[in-house]
There are 2 protein chains.
Amino acid sequence: MNDTGESAKKKIKRPPAERTAQRDPERTRAAILEAATQEFAENGMGGARVDAIAERAGTNKRMLYHYFGDKEQLYLRVLEEAYVSIRTAERALNIGTRSPEEGIGELALFTWRYFLQHPEFLSLLGTENLHRARWLRQSVRLKELHSHLIGELSQVLEEGKKAGVFIESADPLHVYLTIASLGYFYLSNQYTLSTIFGRDLITPGNLDAWERHIVHVTLASIKR
Amino acid sequence: MNDTGESAKKKIKRPPAERTAQRDPERTRAAILEAATQEFAENGMGGARVDAIAERAGTNKRMLYHYFGDKEQLYLRVLEEAYVSIRTAERALNIGTRSPEEGIGELALFTWRYFLQHPEFLSLLGTENLHRARWLRQSVRLKELHSHLIGELSQVLEEGKKAGVFIESADPLHVYLTIASLGYFYLSNQYTLSTIFGRDLITPGNLDAWERHIVHVTLASIKR
DNA sequence: CGAGCCGGTAACTAAACAGTTACTTGATGG
DNA sequence: CCATCAAGTAACTGTTTAGTTACCGGCTCG
């Protein structure tokens with residue numbers, strides 16, 4: 001049938017092998033990471049498809065396994081990158097340079113707006129917690145990333161207590177968890193909430209009201 | 001080989017077919033629902049295995065498909081049941097019978113403790129939101145279940161405003177979302193939070209402190 | 001200048017999975 | 001005592017999926 005069978009030993013259909021546009025390992029790596037972030041965020045660890053990630057990245061599975069080992073290591077990489085991004089942006093805030101009250105307000109606003117602009121981060125957190133931090137626990141890069149946040153927040157609170165504007169019982173971890181709670185729940189659960197309460201929570205008006213609410217609640221809970 | 005081959009037409013290995021303990025359709029149905037709740041809560045919609053549900057329930061896939069149609073319908077049933085349970089328990093609180101301040105405090109305590117005792121409910125909410133309420137949206141049973149909650153909460157707030165203990169801007173949906181946020185985030189994200197902050201959030205002492213914090217924050221945000 | 005390596009492709013494989021089918025058992029009513 | 005039906009079992013099927021393998025082609029360096 002095939003008239004050009006010169007190599008009889010191993011004859012496998014030889015495809016045109018396409019034009020290899022340009023080789024760019026860095027770009028390919030970054031594209032896989034970006035595609036994986038989207039895929040894991042949309043479908044969770046169990047629901048994400050390796051083929052889908054490769055296709056989204058405009059490459060193929062071979063490269064994905066070449067750069068990242070396997071699905072689990074790729075997932076952990078995505079998760080670490082997401083944490084590094086938010087903590088880096090947060091650090092640039094320098095909440096200690098304003099008055100204590102403004103500092104806390106700034107942190108609340110930043111956190112809310114970051115969550116709003118990075119829904120994939122919230123999704124990844126949800127997925128990782130469904131699995132009881134199974135992968136995050138293995139990460140060695142992330143422990144020290146967070147002590148800085150608590151340290152800075154602690155300083156601002158102490159300053160406020162000395163100035164007499166914050167109550168003595170204000171605790172840095174509690175303050176951060178309060179801010180994160182109010183932002184996270186509203187956004188990550190917006191779909192079920194909008195459904196059961198028959199009210200679209202994501203309209204600009206409602207988002208704005210909730211932003212003001214977060215700042216109000218956070219400050220009301222620590223002001224003397 | 002087989003010496004008792006009297007029926008030559010259809011000869012398939014005939015297993016002993018075990019002792020059929022007792023037939024109890026209701027029990028089987030309930031067992032499947034309970035097993036499915038656990039499996040979906042632990043593994044999400046994509047990660048849950050139909051075989052695993054059948055095994056957990058002490059039955060088999062045939063019965064599961066017989067009673068519930070398919071995996072998606074079973075999942076929706078589990079989700080609906082979870083909502084009905086919490087709203088039913090909540091309704092029994094009758095927060096309107098106490099003083100407004102006590103009423104809100106009661107609701108906050110109840111919500112926190114219910115979340116604490118029903119981690120599977122939080123998991124299911126997380127899973128459903130990952131999928132943008134794809135299945136919940138199809139449910140017709142759940143819309144009216146929630147208007148009652150907001151109505152009752154609204155009454156309590158009005159009463160408090162008249163009595164001069166609550167601020168005028170207090171909004172029933174915002175108050176409920178505040179309570180739910182603080183409970184949900186702390187528990188559902190406990191694994192990543194404990195990991196990144198290097199502090200076990202689930203010890204009795206920490207749980208107790210957060211319970212008091214929720215009541216404090218909720219009331220501080222609406223008191224005049 | 002050619003050997004081998006690096007970036008890349010596509011087809012293949014073994015396992016897992018949702019859903020189906022063929023069949024069994026025992027209770028009930030005629 | 002037999003026809004029927006509900007409850008239940010287990011093996012099978014077609015598809016999907018993570019991971020692998022065989023192969024390709026241009027660049028670099030000895």
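Chain letters run A, B, ... following the sequence lines, proteins first, then strands; residues in each count from 1.
- Taken residue by residue, residues 38-53 of chain B places heavy atoms nearer than 4.0 Å to DNA chain C at B/Ala48, B/Arg49, B/Val50, B/Asp51.
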Output side-chain donor-acceptor pairs under 3.5 Å for residues 126-133 of chain B, partner residues at least two apart or in another chain, one line each.
{"from": "B/Thr127", "atom 1": "OG1", "to": "B/Ser123", "atom 2": "O", "distance (Å)": "3.3"}
{"from": "B/Glu128", "atom 1": "OE1", "to": "B/Tyr75", "atom 2": "OH", "distance (Å)": "2.7"}
{"from": "B/Glu128", "atom 1": "OE2", "to": "B/Arg134", "atom 2": "N", "distance (Å)": "3.4"}
{"from": "B/Glu128", "atom 1": "OE2", "to": "B/Trp135", "atom 2": "N", "distance (Å)": "3.0"}
{"from": "B/Glu128", "atom 1": "OE2", "to": "B/Leu136", "atom 2": "N", "distance (Å)": "2.6"}
{"from": "B/Asn129", "atom 1": "OD1", "to": "A/Tyr191", "atom 2": "N", "distance (Å)": "3.2"}
{"from": "B/Asn129", "atom 1": "OD1", "to": "A/Thr192", "atom 2": "N", "distance (Å)": "3.0"}
{"from": "B/Asn129", "atom 1": "OD1", "to": "A/Thr192", "atom 2": "OG1", "distance (Å)": "3.4"}
{"from": "B/Asn129", "atom 1": "ND2", "to": "A/Thr192", "atom 2": "OG1", "distance (Å)": "2.9"}
{"from": "B/Asn129", "atom 1": "ND2", "to": "B/Leu125", "atom 2": "O", "distance (Å)": "3.0"}

Pairs under 3.5 angstrom, nitrogen or oxygen only, protein versus nucleotides 13-15 of chain C, please.
none

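- In this structure, CG of A/Leu74 is placed 13 Å from C1' of D/dA18, rounded to the nearest angstrom.
- Judged by distance alone, the side chains of A/Ser139 and A/Glu80 do bring a donor and an acceptor atom under 3.5 Å apart.
- Contact between the side-chain N/O atoms of B/Tyr67 and the OP1/OP2 oxygens of D/dG8 is found at a separation under 4.0 Å.
- Rounded to a whole Å, the CG atom of A/Asp70 is 8 Å from the P atom of D/dT20.
- Counting heavy atoms from C-beta outward, A/Phe185 and B/Leu182 have side chains that stay 4.5 Å or more apart.
- A close approach under 4.0 Å does occur between a side-chain nitrogen or oxygen of B/Lys71 and OP1 or OP2 of C/dA18.
- Under 4.0 angstrom from either OP1 or OP2 of C/dA10 there lies no side-chain N or O belonging to A/Asn60.
- Environment of NE2 in B/His66: sparse, with no more than 12 heavy atoms of neighbouring residues, nucleotides or ligands closer than 6.0 Å.
- Between B/Leu64 atom CG and D/dA7 atom C1' there is a gap of 15 Å when expressed in whole angstrom units.
- Atom CZ in A/Phe68 sits roughly 17 Å away from atom C1' in D/dA18 (whole-Å rounding).
- Counting non-hydrogen atoms of other residues, nucleotides and ligands closer than 6.0 Å to CD of A/Glu55 gives a total of 12 or fewer.
- Computed from coordinates, the A/Arg29 CZ to C/dC6 C1' distance equals 15 Å when rounded to whole Å.
- The heavy-atom pair separating A/Tyr114 from A/Ala89 by the smallest distance is CE1-CB, 4.4 Å.
- Under 4.0 angstrom from either OP1 or OP2 of C/dG8 there lies no side-chain N or O belonging to A/Thr59.
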Can you check nucleotides 13-15 of chain D for protein contacts, nitrogen or oxygen pairs under 3.5 Å, and list what you find?
none

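- Residue-to-nucleotide proximity on DNA chain D shows that, of B/Lys61 and A/Tyr65, the 5′-proximal contact is made by B/Lys61.
- Ring orientation note: the planes of B/Trp210 and B/Tyr186 are close to parallel, at an angle under 30° on the 30°/60° scale.
- In terms of phosphate contacts, A/Thr28 brings no side-chain nitrogen or oxygen within less than 4.0 Å of OP1 or OP2 of C/dG7.
- Side chains of A/Leu33 and A/Tyr67 form no contact here, defined as non-hydrogen atoms less than 4.5 Å apart.
- No donor-acceptor distance shorter than 3.5 angstrom exists from the side chain of A/Trp112 to the backbone of A/Arg212, with no hydrogens or angles considered.
- Taking atom CZ on A/Arg62 and atom C1' on D/dA22, their separation rounds to 10 Å, with Å as the unit.
- Applying the salt bridge (charged side-chain N to carboxylate O under 4.0 Å, His left out) test to A/Glu90 and every residue at least two apart in sequence or in another chain returns A/Arg87.
- Here C/dG7 is the nucleotide among C/dG19, D/dT21, C/dG7 with the atom lying nearest to any side-chain atom of A/Met63.
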Cut-off 3.5 Å, no hydrogens considered: what does the side-chain donor-acceptor table look like for residues 40-53 of chain B, sequence neighbours left out?
{"from": "B/Glu42", "atom 1": "OE1", "to": "B/Arg56", "atom 2": "NH2", "distance (Å)": "2.7"}
{"from": "B/Arg49", "atom 1": "NH1", "to": "B/Gly46", "atom 2": "O", "distance (Å)": "3.3"}

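- Whole-Å rounding puts the B/Tyr75 OH to C/dA18 C1' distance at 17 Å.
- At a cut-off of 3.5 Å, with distance as the only test, no side-chain donor of A/Ser221 or B/His213 sits close to an acceptor on the other residue.
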